[in-house]
Each structure stands twice: as C-alpha cells, then as structure tokens.
Amino acid sequence: MLHLTLESRLRAAVTLVLPDASTANVLVRPAADAKFGDYQSNALMTLAKECKLNPRQLATDVVAKLDVSDICEKVEIAGPGFLNFRLKPDALAGVLAAAARGEHLFFAQATTETLRTVVIDFSSPNVAKPMHVGHIRSTILGDSLARTLRLLGHRVITDNHIGDWGTQFGMLLIGWKTLMERTALDRDPIAELERIYKAVNAACKEAPATLESARAELVKLQSGDAENLAIWHEMIRLSQVQFDAIYGRLGVKFDHTLGESFYNPWLKTLVEELVAKGLARESEGAVAVFSDGTLPPKTDPLRVQNREGEWVDDPLLIQKSDGASNYATTDLATLDYRLKEWQATEIVYVVGAPQQPHFNKLFHVFRRWQPEAAAKVKLLHAWFGSILGDDGKPFKTRSGDTVKLADLLDEAEERALKVVAEKRPDLDAAVQKEIARKVGLGAVKYQDLLSNRQSDYVFSWDKMLALTGNTAVYVQYQFTRANKVVRDSGMERQASLADGQLVLGDPAEFTLAKHLLNFGLTLDAAADDCRPNFLVNYLYELATLYSRFYDQCPVLKAAEPARTMRVVLCDLTARVLRQGLDCLGIEAPEVM
RNA sequence: GCACCCGUAGCUCAGCUGGAUAGAGCAUCUGCCUUCUAAGCAGACGGUCGUGGGUUCGACUCCCGCCGGGUGCACCA
C-alpha cells in the first residue's frame with residue numbers, strides 16, 4: 001500500500017527530471033534486507049543506462065525533486081544508485097489503523113477501468129475414468145487462480161471442459177453391451193467403467209475385429225443412434241456423480257461444465273468456414289490448417305524441422321480422414337464460444353506442459369481465423385509440470401498403479417486425525433474429525449501449490465501429506481493462535497480507532513506490520529503470473545513473523561498503548577491469513 | 001534429428017522488470033514449556049547456483065557452446 005504511494009511520487013519526480021522517460025518500470029519494492037530500509041527502488045539504475053546517464057547523478061537529481069517526508073525518513077542513495085526508503089512508524093501505524101477500522105485489507109480491488117473478464121479452463125477430467133492425482137494440479141491451481149482474481153474484483157468464469165466425447169466411447173460402448181456387470185456398476189460405477197474399458201482396449205490389440213466393432217459403435221453414437229446415446233448419457237451422469245463428490249470435498253465450484261460434446265453442433269460449419277477462408281485444406285484425406293509462410297520457420301507453430309534439417313509442415317488437424325472432428329476442432333469452437341458468449345478479455349488454460357505445442361498451434365490458428373477478436377483477448381496456457389513416480393518417470397493413466405484422488409484425500413484426513421487425536425485428546429471426536437478434515441485437505445492443496453507450477457512433481461505420500469515444516473498446518477496453527485488472542489482480548493469492533501492510538505514499539509511488531517502491507521502486492525503477482533506459490537510463500541512468511549512476534553511480545557498482559565497495537569496486529573494477521581488461505585482454497589480452523 | 005522443460009545445501013524445493021552477503025523445509029546437532037495453545041521459538045551445521053565463454057557498474061536470472069536428465073514430434077485427448 002505505502003509502496004504504491006512511494007512509487008507514484010517517485011514516478012512524478014522522475015518525470016520532472018526526465019520528461020520523456022517512460023516510468024512504467026519505475027517500481028518500489030520491499031527492501032531485500034532490513035538494513036537497507038523498508039522499501040527500495042532499483043529503477044533509476046536501469047533508467048540511467050537507457051538514457052546513458054550517470055546513475056548516481058540521476059538518483060541525486062530525482063531525490064532532490066522527491067518529497068516523501070510525510071511517510072519516510074530522508075531517502076538514501078546507496079551503491080551504484082539504489083534508493084532506500086525508511087518508513088516513519090506513524091505512517092505505518094496509520095495504514096494499520098485504517099485496516100483495523102475495516103477500510104481495507106492491504107489490497108486494492110479492480111476498478112471499472114482495470115476490470116478483467118477471465119475465463120479459466122481447468123480440471124477437465126475424462127468421463128468414465130477415475131480422477132487420480134494427475135488431476136490435482138490443474139484443479140487446485142485453477143481454483144486458486146479463480147479465487148484470487150475474484151478477490152481482486154475481476155469477473156471470473158470457471159469452466160470445466162470435461163472429456164465427454166471421443167474415440168474411447170467406441171470401446172466403452174462395446175464393453176457396456178458385452179462385458180458390463182450390473183451389480184458391479186451399482187457398487188462402484190467408475191471402477192466398472194474402467195474395468196470394461198481396459199478389457200476392451202486389450203481385446204482390440206488382440207483381435208482387429210473388436211477394434212472394428214468399436215469403431216462401428218462410435219460411428220453409431222456420432223450419427224445419433226438412440227441406444228448408444230442413452231448409454232453415453234448414463235456414463236456421463238455416473239461420472240458427474242464422482243466429479244461432484246471430489247469437487248465437493250475440495251470445495252471447488254464451476255460456473256459451467258461445458259464438455260467437449262457441447263460443441264458438436266458447430267464443428268462442421270467451423271471446418272467449412274476455415275476451408276472457405278483458405279486457412280484449411282484437404283491433406284491425405286484429413287483436413288488441416290497449414291503454415292501461411294508469413295512467420296520465420298523457427299517461430300512458426302505449424303512448421304518443424306525434420307531429421308535432415310529441412311523445414312516441413314506440421315499442420316493442425318481439424319478433421320480426421322474418417323470425417324470426424326478432433327480436439328483441435330473442439331478447442332477452436334470452444335474458444336470462439338467463450339469470446340462470443342462471455343466477452344472474455346482473457347482465457348487461461350490450466351493444462352499440463354506436454355500440451356504446449358498444441359496450444360501454440362491453437363492460438364496461432366485462432367489469430368489467423370479471427371484477427372480482430374484475437375487482438376482483444378489474452379490467451380494464456382498456464383502450464384504445469386508432470387507428476388512423476390518414485391522412479392522419476394511420469395506415470396500415465398494406463399500404467400495401472402495411479403493413486404486415486406479419493407484415496408489420497410481419505411489418507412490425508414486419516415493421517416491428520418491421528419495427529420489431532422494426539423495433540424488435542426480433550427476435544428470431542430466430531431470436533432477432532434472436522435479439524436482433521438481441514439488440516440488434511442489443506443496439506444494436500446498446500447503441498448501442490450507450494451512449488452513453482454512449472455516444476456515437475458515427484459509424487460510421494462509422505463511429501464504430499466506432510467504435516468511439519470512449511471505446510472498448511474503451520475499456517476493454520478498460527479491463524480488459530482492469532483484468532484484466539486483476539487477473542488480473549490474482548491476488544492470491541494475497532495471502527496472508531498484513531499490513527500494515533502496505534503504505536504509501534506518492538507521490532508517484531510514493526511516487521512510483522514510491514515509484511516501485512518505486502519499482501520496486495522503478492523496477490524497481484526500471484527494472479528498476474530498464475531503462480532499461487534508466491535502467495536503460499538507470503539503466507540508462510542507472515543505466519544513465521546507472527547509466531548516470532550507472539551513469542552516475543554505478550555499481548556493481553558501488555559500495558560497500553562502496546563496492548564491495543566498488539567491486539568490489532570493479531571486481528572489483522574488473522575484476517576490476512578484467513579483471506580490468503582481462502583485464495584488457496586484452504587480452510588482456516590477456529591481451533592486446533 | 002528437431003522443439004520444449006529441467007540441473008541451486010545430504011534430500012525436496014523457493015529465488016518477483018538483471019540488484020546489494022543465494023533462501024526455506026526435511027534430516028543431523030544444541031538450547032527454551034509454573035508465563036496469551038511447544039502443531040511453537042532461538043541457534044549450529046550445510047553451496048565452485050551442471051560446465052565453459054560472452055553481455056555490464058552488477059548474472060542463479062539474459063545470450064552462445066558443451067555435459068547430464070525428462071517430455072513431445074499428423075488423424076488419442
């Protein structure tokens with residue numbers, strides 16, 4: 001918050017010295033080290049380089065025009081041209097008082113000018129398959145991004161683009177008709193669907209005749225056969241029951257679940273339009289979009305170098321030689337729908353890294369298809385790393401020993417319950433169980449959001465369900481401690497708190513208070529780059545700073561004015577922790 | 001062969017427009033509960049940031065080469 005004030009003052013001062021310079025990159029950030037002060041700006045060194053000026057001289061000139069004496073001590077110029085700002089305690093206390101009065105929680109919401117309409121495409125499991133740990137990253141990343149953007153005041157539309165169409169249904173239909181056991185289906189629908197799918201898949205490899213009949217069933221489905229359509233609808237319904245159960249546990253909600261099949265009615269005309277516009281043409285019986293040659297081969301998504309080093313076409317197929325569409329066609333139709341139906345200004349696809357070439361092609365082809373619309377929308381593939389097995393190899397759905405998501409969540413809650421029972425034997429069993437639920441599910445989500453999304457992820461039960469160190473439990477625990485102090489303080493709502501009533505004394509208070517102010521900065525960074533790990537790290541740090549403060553500064557026994565200051569710090573810390581955890585989809589227990 | 005990703009402490013990983021002495025957790029070791037919840041706090045140990053060059057006031061970060069690992073490369077999604 002204060003850094004934004006410093007930033008705008010600094011920009012104004014820069015403009016006075018260098019009227020033509022762009023100040024977009026003039027930023028004020030929290031200081032890297034407390035000994036340099038509270039905030040710093042490195043921008044003048046960059047600016048001096050661009051303008052071929054002496055950086056120290058530029059810094060001196062800018063500081064001469066800079067008036068921040070209401071919030072800072074004298075601005076220092078250090079090293080080759082760093083600006084170091086040291087806050088006046090009263091300025092910091094003033095921001096805290098405003099937050100305590102409920103005027104803000106250290107972040108700013110979007111205005112009508114900055115409002116974005118963001119469609120987030122995430123989770124997207126396949127019908128008739130169990131959700132496994134491979135789905136967790138997309139689901140949790142996407143949900144966190146949606147929650148964060150919503151908190152920042154943007155219009156967010158979440159869409160679960162489930163896999164409810166495609167060649168696997170040929171095999172599923174055969175299996176349903178010839179192998180399916182009704183009692184098994186009633187007991188565990190997804191397991192039975194998975195079983196028949198695997199059986200038919202194996203049979204197809206043995207006998208070409210089975211493969212043929214699977215194709216025939218698929219054609220019947222696609223041409224509207226009533227029996228096959230009914231079975232297909234039933235498989236989707238059974239899957240949706242499973243999805244809803246998992247999403248319910250995870251607290252994940254979607255505004256829409258428009259699966260691949262939803263776009264079927266538009267696919268044929270879409271292909272025709274692309275052909276008519278000259279973008280797509282027939283090739284080896286299929287229809288594909290080829291490079292138009294306007295880009296250098298190296299940056300052209302539709303060209304690739306072959307073994308001999310020659311550049312050859314690597315087109316985007318939009319219709320198979322049997323006349324059926326594929327996922328490129330569906331994805332183009334989906335993109336078109338989202339722009340027309342929802343007026344999206346951004347579409348974020350939270351999909352794994354291996355699909356980068358696909359999205360490169362998809363976005364490229366869309367730009368050629370609808371240049372005007374494409375110019376107005378930001379398309380982002382927020383990719384993430386693979387989940388690896390203990391052997392370091394990515395595991396795939398068919399390898400057989402994938403960990404089912406439901407089992408993972410069960411195990412998380414069970415492990416957490418053991419710890420809760422040990423730490424808090426005084427609580428009722430039902431209360432213990434509820435804490436264990438929040439702690440266990442929190443552990444899973446936190447672990448997944450903790451590292452950079454682009455890193456590969458080595459799956460291990462112990463790692464995923466860790467309850468010590470930098471984990472959700474730690475943050476949740478600090479929240480309950482802060483919350484408890486506020487409850488016990490008996491302090492009324494602080495609506496009438498005056499700025500002057502807050503006096504910062506102890507260094508632990510000062511450090512904690514400064515960190516609270518960085519909440520908004522962190523939310524913005526996490527949302528803009530789709531990196532919830534920034535927020536996770538921020539919350540962990542806030543929790544550690546609170547824990548130190550709690551250890552060093554008695555709150556309820558302190559004399560005024562320290563007592564009020566400290567209760568306010570506890571209250572604000574608890575509020576920021578709760579709000580931050582909420583952005584991660586993690587619940588904050590009142591008691592632990 | 002080509003493209004993309006990765007290589008940071010014993011292990012798992014952070015590292016924000018290039019910025020000041022590269023940070024956490026786990027593990028190991030040492031202290032701290034008659035004091036608001038010890039699911040806690042304080043401290044120690046631990047690094048040629050794969051490697052060799054380049055760019056510059058400054059490189060884990062940008063560029064080039066090399067080594068090592070992973071993934072993908074037209075009708076599955």
Side-chain angles (χ1 to χ4, degrees), chain A residues 24-27 29-33 35-36 40 42-43 45-46 48-49 55-56 78-82 84 124 126 163 165-168 260 283-288 298 304-309 311 313-322 324 326-328 330-331 352-358 360 383 385-386 388 392-394 419-420 422-424 439 450-452 454-456 458 460 462-463 466-471 473-474 476-478 480-481 484-485 488-489 521-522 525-526 529 531 533-534 536-537 540-541 544 547-548 550-558 566 570 591-592:
Chain A
N25 290 328
V26 174
L27 303 177
R29 296 279 103 130
D33 191 316
K35 78 178 179 196
F36 300 129
Q40 68 181 65
N42 312 330
M45 292 180 284
T46 313
K49 182 179 265 184
R56 283 233 34 138
F82 295 98
N84 291 335
S124 309
N126 286 323
W165 198 248
T167 41
Q168 76 271 25
E260 291 162 356
S283 169
E284 297 173 32
V287 179
K298 229 182 151 121
V304 72
Q305 220 166 1
N306 69 10
R307 287 171 213 285
E308 285 74 44
W311 288 100
D313 284 320
D314 183 29
L316 180 72
L317 255 69
I318 56 171
Q319 190 175 84
K320 299 192 283 181
S321 50
D322 65 2
N326 61 9
Y327 80 137
T330 314
D331 280 354
Q355 297 213 38
Q356 281 183 97
H358 169 68
N360 282 339
W383 57 270
S386 307
L388 310 175
K393 290 181 183 167
V419 180
V420 177
E422 182 192 318
K423 301 279 183 188
R424 296 302 303 270
V439 166
L450 175 61
S451 60
N452 186 322
Q454 296 179 328
S455 305
D456 283 343
V458 179
S460 110
D462 288 339
K463 189 186 165 192
L467 293 173
T468 57
N470 186 352
T471 60
V473 191
Y474 180 84
Q476 288 168 323
Y477 180 62
Q478 300 310 332
T480 62
R481 299 216 292 188
K484 174 80 163 22
V485 175
D488 291 349
S489 74
L521 187 76
T522 310
D529 288 351
R531 292 187 195 280
N533 63 310
F534 290 165
V536 173
N537 289 330
Y540 179 69
E541 202 173 333
T544 61
S547 192
R548 185 178 308 162
Y550 182 87
D551 196 59
Q552 294 174 4
C553 303
V555 179
L556 301 177
K557 290 166 195 156
R566 291 175 182 178
C570 289
V591 178
M592 278 175 73

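Residue numbering restarts at 1 for every chain, and letters A, B, ... go by the order of the sequence lines.
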* Along nucleotides 2-9 of chain B, 5' to 3', which nucleotides get a B, which get an S, and which get a -, given that the test is a protein heavy-atom distance under 4.0 Å? -> S-SS----
* Base, backbone or nothing for each nucleotide of nucleotides 25-40 of chain B, written B, S, -, heavy atoms under 4.0 angstrom, 5' to 3'? -> SS--------SBBSBS
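For A/Tyr540 and A/Tyr474, the ring centers sit closer than 6.0 Å to each other.
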* Could you summarise the pairing of RNA chain B as dot-bracket text, marking Watson-Crick and G-U pairs under 3.5 Å with ( ) or [ ] inside the strand and | across strands? => (((((((..((((.....[...)))).(((((.......))))).....(((((..]....))))))))))))....
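Nucleic acid contact for A/Asp313: none, since no nucleic acid atom lies under 4.0 Å from a heavy atom of the residue. Across all strands shown, A/Asn537 has heavy atoms under 4.0 Å from sugar-phosphate atoms exclusively, and none from any base.
In this view, A/Tyr327 and A/His358 satisfy the ring-ring contact (aromatic ring centres under 6.0 Å, His included) rule, not counting sequence neighbours. A/Leu27 is linked by a side-chain contact (heavy atoms from CB on, under 4.5 Å) to A/Glu7, A/Arg11, A/Arg29, counting only residues two or more places apart in sequence or in another chain. Partners of A/Val419 by side-chain contact (heavy atoms from CB on, under 4.5 Å), not counting sequence neighbours, listed by chain and number: A/Lys423, A/Leu467. For A/Lys320, there are no side-chain hydrogen bond (donor to acceptor under 3.5 Å, both in side chains) partners at least two apart in sequence or on another chain. By the side-chain hydrogen bond (donor to acceptor under 3.5 Å, both in side chains) test, A/Tyr477 pairs with no residue at all, sequence neighbours left out. Residues passing the side-chain hydrogen bond (donor to acceptor under 3.5 Å, both in side chains) test with A/Arg56, sequence neighbours excluded: none. Applying the side-chain contact (heavy atoms from CB on, under 4.5 Å) criterion to A/Val287, with sequence neighbours excluded, gives A/Val271, A/Val275, A/Ala280, A/Ile318, A/Gln319. With sequence neighbours left out, the side-chain hydrogen bond (donor to acceptor under 3.5 Å, both in side chains) criterion links A/Asn452 to A/Arg531.
Taking atom C1' on both nucleotides, B/rA39 is separated from B/rC33 by 14 Å, rounded to a whole Å.
With distances taken from any side-chain atom of A/Ala288 to the nucleotides B/rC57, B/rA74, B/rC13, the minimum falls on B/rA74.
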Considering only nitrogen or oxygen atoms on both sides, find all protein atoms under 3.5 Å from nucleotides 43-46 of chain B and state each distance.
none

